[in-house]
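A short worksheet on the structure shown next.
Since the structure is predicted, the reported quantities are computational estimates derived from the model, not experimental observations.
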Amino acid sequence: MKLAIISDIHANLEALEAVWADALRLGAERFICLGDTVGYGPDPQEVVSRLALSHTLTVRGNHEQAMSDPALLQRMSHEARVTLRHTSHIISPATRLWLSTLPKSHAELGARFVHGAPPQSVLRYFTQCKGRELKRRFSLYTESVCFTGHTHLQTITRERNGKILSSLLFEGRHQLPPHFRYVIGVGSVGQPRGEGRDAEYVLWTPESNEIQARRVPYNKAATIRKLEVGNFPATLIARL
């Protein structure tokens, strides 16, 4: 079985559609989303509808949490505040309910799925965990693999007997030997911030414990046109 692990779609429908088609072409049987389905992009209703109607297991991101937490929203960037307030005005009541009921984390098949840092932080960037905190994070859950989002980067962290090594996750296939534990940053579908700007996600085959880091071109021009027509902040267009 292959699972497509996606995150940080940020209401970018064109990027989601490209990733969805790519994952199905490669044999993905299920999708799991690590949050931040909304914010920044022009199509929150359409993105959430795709996930909800396909019964995609989705965990909560900081953008979903900010939709129902005014104090958190106030602490976020100008771009996040503007787009999440816009989102609040255009989504349906059913979508609002769906966003508000997402779990903080999920575990199955020997893996943990969380937006930020394990075991269930919605807000903490895993890449900011250093020293004792980093070791403590690995001690707080039992699964051998943890998939995270939030950073908009594809990364891999390996842990064995308290020794930890982190690096960027390069495009392609990677075997995960069983004598390590791993935290995999799956990147961002809708607003990647590493090299290049193609939509990012990870395919995982639990039986062989192999992952495949994918980067998929999509119709950026269509997304940019929507942002321009909607008078979104210019910085969001520049990020694409």
Side-chain angles (χ1 to χ4, degrees), residues 1-9 19 23 26-37 51 54-65 101-189 200-214:
M1 176 175 63
K2 288 185 179 180
L3 285 79
I5 318 299
I6 61 178
S7 189
D8 296 272
I9 304 165
V19 161
L26 294 175
E29 298 174 51
R30 287 181 59 200
F31 289 77
I32 294 179
C33 179
L34 306 183
D36 277 10
T37 58
L51 298 174
S54 63
H55 304 288
T56 297
L57 192 148
T58 303
V59 300
R60 188 189 317 173
N62 56 306
H63 282 248
E64 285 91 4
Q65 184 155 318
T101 57
L102 297 176
K104 288 185 177 181
S105 67
H106 175 75
E108 65 170 291
L109 299 171
R112 177 163 291 268
F113 304 89
V114 61
H115 181 67
Q120 59 175 11
S121 176
V122 173
L123 304 178
R124 182 66 168 154
Y125 289 92
F126 180 73
T127 51
Q128 292 180 342
C129 299
K130 307 293 182 183
R132 291 182 179 178
E133 182 191 0
L134 182 56
K135 290 184 178 181
R136 184 177 65 86
R137 291 286 175 183
F138 276 99
S139 73
L140 293 175
Y141 65 101
T142 59
E143 293 79 18
S144 60
V145 182
C146 178
F147 293 96
T148 69
H150 200 25
T151 64
H152 295 218
L153 297 171
Q154 291 187 315
T155 58
I156 181 168
T157 300
R158 304 168 180 85
E159 186 273 340
R160 184 183 184 187
N161 299 326
K163 295 183 178 180
I164 300 171
L165 177 66
S166 298
S167 64
L168 293 175
L169 182 65
F170 295 105
E171 187 174 10
R173 298 178 184 274
H174 303 264
Q175 189 67 43
L176 304 181
H179 47 279
F180 288 91
R181 296 176 73 206
Y182 301 89
V183 175
I184 308 295
V186 304
S188 170
V189 171
E200 298 172 340
Y201 76 103
V202 165
L203 274 173
W204 177 47
T205 307
E207 293 83 358
S208 61
N209 214 22
E210 179 186 84
I211 60 172
Q212 185 175 357
R214 297 289 299 164

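- Val114 and Lys104 get closest at one heavy-atom pair: CG2-O, 3.7 Å.
- A cation-pi arrangement is not found for Arg158 relative to Tyr182, the charged atom failing to lie both closer than 6.0 Å to the ring centre and inside a 45° cone about the ring normal.
- Shown are Thr157, Thr155, Val145, Thr148; of these, the side-chain contact (heavy atoms from CB on, under 4.5 Å) with Ile184 is made only by Val145.
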Subject >> Test side chain to side chain contact (heavy atoms under 4.5 Å, CB included) applied to Val202 and Gln212, step by step >> reply: CA-CA 6 Å; Val202 165; Gln212 185 175 357; over 6 Å; no
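- In this structure, Glu200 does not pair ionically with Arg214, as no charged nitrogen and carboxylate oxygen lie closer than 4.0 Å.
- Salt-bridge formation is detected for the pair Glu108/Arg30: a Lys NZ or Arg NE/NH1/NH2 atom is positioned less than 4.0 Å from an Asp or Glu carboxylate oxygen.
- Thr56 and Ser54 share a donor-acceptor pair across their side chains, judged by distance under 3.5 Å alone.
- Atom-to-atom distance recorded for Glu143:CD and Phe113:CZ is 9.0 Å, nearest 0.5 angstrom.
- Contact record, Val189 with Ile6: CG2-CB, 3.8 Å, taken as the closest heavy-atom pair.
- Note that the CG atom of Leu109 and the CH2 atom of Trp204 stand 5.0 Å from one another [nearest 0.5 Å].
- Of the possible donor and acceptor atoms, one in the side chain of Gln154 sits under 3.5 Å from a partner among the backbone N and O of Tyr201.
- Counting heavy atoms from C-beta on, the side chains of Val59 and Leu102 never come closer than 4.5 Å.
- Taking all atoms of both residues into account, the shortest heavy-atom contact from His115 to Ser7 is ND1-OG, 4.1 Å.
- Taking all atoms of both residues into account, the shortest heavy-atom contact from Asp8 to Gly187 is OD2-O, 4.1 Å.
- Atom-to-atom distance recorded for Ser144:OG and Arg112:CZ is 11.5 Å, nearest 0.5 angstrom.
- Panel note: side chain Glu64, backbone Asp36; a donor-acceptor pair is recorded below 3.5 Å.
- Note: Tyr141 OH to Cys146 SG = 4.5 Å, rounded to the nearest 0.5 Å.
- Contact record, Thr58 with Gly35: CG2-N, 4.4 Å, taken as the closest heavy-atom pair.
- For the residue pair Ile156 and Leu168, the shortest heavy atom distance occurs at CG2-O, 4.1 Å.
- Using cut-offs of 30° and 60° for the angle between ring planes, the Phe126 and Phe138 rings count as perpendicular.
- Inter-residue side-chain proximity for His174 and Leu169 is flagged as met; some heavy-atom pair is nearer than 4.5 Å.
- Rounded to the nearest 0.5 Å, atoms CD1 (Ile211) and OG1 (Thr205) are 10.0 Å apart.
- Arg160 places none of its side-chain heavy atoms less than 4.5 Å from the side chain of Arg181.
- The salt bridge (Lys or Arg N to Asp or Glu O under 4.0 Å) analysis of residues 114-140, with sequence neighbours excluded, yields the pairs Arg124-Glu133, Glu133-Arg137.
- When side chains are defined from C-beta on, Leu3 does not count as touching Leu203, because their heavy atoms never get closer than 4.5 Å.
- Here SG of Cys33 is found 14.0 Å from CZ of Arg60. Values are rounded to the nearest 0.5 Å.
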